[in-house]
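All residue numbers refer to positions in the sequence shown, counting from 1. Every number for a ligand or one of its atoms is a count from 1 in the order of the listing.
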Amino acid sequence: MGTTKAKLMRGEVALGAWNMIPHPNVAEILAGEDFDWICVDMEHTAHDFQTLENICRAVKGSGKDLLVRLPSCDDVAAKKALDCGADGIIVPCVNTREQAEHAVAVAKYPPEGIRGASLARCTDFGRNFSDYFKTHNDGVLVIVMLEHIDSVQNVDDILSVPGIDATFIGPYDLSASMELAGQLDHPEVLAAQKILLDACIRHGVPPGFHIVPNDPPQVARRIDMGFRFIALGLDTGFIIDGCRTMLSEVRKKQKSKL
Ligand code: 3PY
Ligand code: MG
C-alpha cells in the first residue's frame, strides 16, 4: 500500500501535485519534491498513454503515488492507466450512486470489479503477475470527484458505495454547474462545498479539494476545515507564478536604477 492510502486511512493529510504538461521530465521534477502523490491529468490536457507510461517510469522509485485523472468514468481508460503503472484513479464528475459504483468497479479486478487482467507494465510484464493481482484490489486508490450540483443532491447515495478511498471537489466545475462559473467564493458555491464536506465526514470518507491557485493560506484553511486529500496548484501555475515573482523583482530593481 502506498503512502497516500495509508495516510488517508489514518486521517492524515495527503498533499499532491497536478501534472498538466505532458512530458515525463515535469512529473519527475514534481516527484523530487515533498508531495505524497502526483496526478497526471488526462481529462483536460494532451497527455496520452505513451507519455503516461513514460511518466510511470520517470517517477518509479520516488516513493510518490502516481494517480491519473481519467478523461471520464470509463473502463477502457481506467484499465490502460492502471496497466501503464498508475497507483490509482481520480474519476471526474461522479454524480450518482451508479457512477460511483462504476468508478470503483473499473479500478478493481473481479470479483470486486471489472478490470481486465493482462501482462502489462504494471505486472513487470508478467514477471510479477500473481503478486500484483493478489494485492491490487486492496492497494489501488479510487477517488471520486464531486464537482456538479447533482453530486450535492446525491451525496449520501454516492458515499454509501464501498471502495471509495477519498472524494475530491473540483471547484471550477461545481461553480459552473451552478451557473456561477469561476465564482469560487460565491456564498452558494461555498454552501454546496460545505454540504459535500459534511457528508464526507459523516460517512467517514476522506474529503478532498483541488486548491487551484498557489495559495498556502487557503491550504491551511481547508485542512482546518477537515479536507485531507489536497492537490496543490498546477504545474503550469507554478511556472506562471515563478516567472511573475522573478520578473516583478527584477523589473522593480531595473526601474529604480533609471
Ligand atoms: C475543477 O475545478 O472542476 C477541477 O476539475 C479541478 O481539478
Ligand atoms: Mg473539473
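Ring geometry, F35 versus F238: the interplanar angle falls under 30°, so the pair is classed parallel (tilted spans 30 to 60°). Ring geometry for W18 against W37 counts as perpendicular: the plane angle is over 60°, on a 0 to 90° scale with 30° as the lower cut.
In this structure, Q50 and N54 have side chains that are in contact, with non-hydrogen atoms separated by less than 4.5 Å. For the pair I90/M145, a side-chain contact is recorded, criterion being any heavy-atom separation below 4.5 Å from C-beta on. Counting only heavy atoms from C-beta outward, the side chains of E188 and E179 never approach each other to under 4.5 Å.
F168 and F209 have their aromatic ring centers separated by at least 6.0 angstrom.
The atom name of the N/O/S atom in E147 closest to the Mg ion (ligand 2) is OE1. In D173, the N, O or S atom that comes nearest to the Mg ion (ligand 2) is OD2.
Sorted by chain and number, the heavy-atom contacts of ligand 1 below 4.0 Å come from R69, M145, E147, G170, P171, Y172, D173, H210.
Counting heavy atoms of neighbouring residues, nucleotides and ligands inside a 6.0 Å radius, atom NZ of K80 does not exceed 12 of them.
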